[in-house]
There are 2 protein chains.
Amino acid sequence: MAQADIPPSRPDAPLPAKAAQILAAAKEVFLQQGFGAASMDAIARTAGVSKATLYAHFQGKEELFARVVSGEWASHWKQETEPEAPADDPRAALESFGRRFVALLLHPEALAIYRITVGEAVRFPELGRLFFEGGPATVRRRLTAYLAAAASAGRLRVPDPALAAEQFLGMMQTPLHLRSLLDIGEGTGPREQARIIAAAVETFLAAHRT
Amino acid sequence: MAQADIPPSRPDAPLPAKAAQILAAAKEVFLQQGFGAASMDAIARTAGVSKATLYAHFQGKEELFARVVSGEWASHWKQETEPEAPADDPRAALESFGRRFVALLLHPEALAIYRITVGEAVRFPELGRLFFEGGPATVRRRLTAYLAAAASAGRLRVPDPALAAEQFLGMMQTPLHLRSLLDIGEGTGPREQARIIAAAVETFLAAHRT
DNA sequence: GTCTATAAAGGGATAGAC
DNA sequence: GTCTATCCCTTTATAGAC
């Protein structure tokens, strides 16, 4: 009706206000409770709208879930893994990269997204791919590119940059990630993080120094 | 009734036949569908019993779930990580350990247990601890003990055996595990597994050789 | 102990008024 | 577009017969 008079905002841009409000509520509920335990009632209540309104903006629970999981974290990962330290000092570059990787990895919201993505991977296979591409794959590519460049410049000896990148990330991830996911609450404090990052850098350099 | 005449089997030993049958069905359904999506109906149907029978043997869904998750995999991890190669050859020992670790890590059933444990970690915190102790912690302890011994024998230089163990495991786990959990289906075949294990051994030795 | 049948509650989704 | 009220289905769990 009058809709024709109002030029709609760009196709998939900003977001119709109320939709954003609902999406934020969905994120809160899903990340805290998981897909199965979250109810549309709870999401509507949290958003402060009725369920009918909710269904006016989104097709159903699954679409809402997909929107949350494939949400803004992809851009997070991209920003936070941009080169920062001078490329001619591998130790400094690796340490900087490691610190930012660990900070992202252990961010409470990132942990929650990881939990539900992995937990629902069987039910939502495409979501798993999206998540992997949006986060983990990005980090790997960034580090691989750096290692390849450092090798070309003769500053590191890295015959297989992609594999070396996985190794470096793994040395930091494995001691910290699962404990955090399960909330074991031991061995994941800032002190340990620093120790683990430093150790990964040392081991990596010992193996790949020119 | 006549039950008094039959000496009951040891307290928590073998298992009352039908209970085992139900537990097997529960395992199948939970591992395939997760906690939320699994229904007691499906479990009863799979077990070939009525729901009433099911509830006669187990308190409810949560108990069944806990029994499945904290099930026989703990003993699996223990058996499969026993030393196998001669202790005086670190390369052979690490390779053997690595191969068995990866095989366990990527076993379809182990992947399923990991998915649901991590996915339901918020709802069942104690289950997370149980899982960690029964699996990951065991592997870490075994490898740590081996590295400490090898260091004492002067065959490796390992100032911090526990951390070194995490690093070695991480170099194999990170390239393979998440891809398998999400069924990305790329980079996790036997060929890649072998490459990754060999590379982890080389990097580890380069950093810790005496 | 085991079954059939059912109770009791909660969930996703929608109809209809405004 | 938004709300209230409700439909309809599935789910967990149990009562009662055998």
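Here is the naming used below: chain letters follow the sequence lines, and residue numbers restart at 1 for every chain.
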Legend entry - Short side-chain N/O contact from A/Tyr55 to OP1 or OP2 of C/dA13, under 4.0 Å: yes
Inset, instruction - Return the value, rounded to whole Å, for the distance between atom CZ of B/Arg45 and atom C1' of C/dC3. - result: 16 Å
Inset, instruction - Among C/dT2, D/dT12, D/dA15, find the nucleotide with the atom closest to the side chain of B/Lys61. - result: D/dT12
Inset, instruction - Would you mind telling me which of C/dT14, D/dA13, C/dC3 lies closest to the side-chain atoms of B/Thr53? - result: C/dC3
Inset, instruction - Indicate yes or no for a side-chain donor-acceptor contact from A/Ser96 to the backbone of A/Ala92 under 3.5 Å, with no hydrogens or angles considered. - result: no
Inset, instruction - Determine the contact category for B/Ala42: base if any of its heavy atoms lies under 4.0 Å from a base atom, sugar-phosphate if only primed atoms, P, OP1 or OP2 are that close, otherwise nothing. - result: nothing
Inset, instruction - Scan B/Ser39 against the nucleic acid and name what it touches under 4.0 Å (heavy atoms): base, sugar-phosphate only, or nothing. - result: sugar-phosphate
Legend entry - Backbone N/O of B/Leu181 and side chain of B/Arg115: donor-acceptor pair under 3.5 Å: yes
Inset, instruction - Send over the distance from A/Gln59 CD to C/dG12 P, rounded to a whole Å. - result: 16 Å
Inset, instruction - Look only at the side chain of A/Gln21 and the backbone of A/Ala47, and say whether a donor-acceptor pair between them is shorter than 3.5 Å. - result: yes
Inset, instruction - Look at the side-chain N and O atoms of A/Lys51 and state whether any lies under 4.0 Å from the OP1 or OP2 oxygen of C/dA13. - result: no
Inset, instruction - Can you tell me the distance, in whole Å, between the CD atom of A/Gln21 and the P atom of D/dG1? - result: 14 Å
Inset, instruction - Can you tell me the distance, in whole Å, between the CD atom of A/Glu63 and the P atom of C/dG12? - result: 15 Å
Legend entry - Euclidean distance, atom CG of residue B/Asp41 to atom C1' of D/dC9 [Å, nearest integer]: 13 Å
Legend entry - Length of the line joining A/Phe35:CZ and C/dG11:C1', which is rounded to integer Å: 12 Å
Inset, instruction - Respond yes when some side-chain nitrogen or oxygen of B/Ser50 is under 4.0 Å from OP1 or OP2 of C/dT2, and no when none is. - result: no
Inset, instruction - Report which part of the nucleic acid A/Ala38 touches: base, sugar-phosphate, or nothing (heavy-atom distance under 4.0 Å, all strands). - result: sugar-phosphate
Inset, instruction - Would you please confirm or rule out a distance under 4.0 Å between OP1 or OP2 of D/dT2 and any side-chain N or O of A/Lys18? - result: yes
Inset, instruction - Determine to 10° how strongly the helix from C/dG1-D/dC18 to C/dC18-D/dG1 is bent, judged from the axes of its five-pair ends. - result: 10°
Legend entry - Heavy-atom donor-acceptor pair, A/Thr138 side chain to A/Glu133 backbone, under 3.5 Å: yes
Legend entry - Ring center gap for B/Phe97 and B/Tyr146 short of 6.0 angstrom: no
Legend entry - Side-chain ion pair, B/Arg99 and B/Glu84, N-O less than 4.0 Å: no
Inset, instruction - In whole angstrom, give the distance that lies between atom CG of A/Leu54 and atom P of C/dA13. - result: 10 Å
Inset, instruction - Please determine if A/Glu186 and A/Arg179 form a salt bridge, counting it only when a charged side-chain N lies under 4.0 Å from a carboxylate O. - result: no
Inset, instruction - Could you state the atom-to-atom distance from CE of A/Met40 to C1' of C/dT14 in whole Å? - result: 12 Å
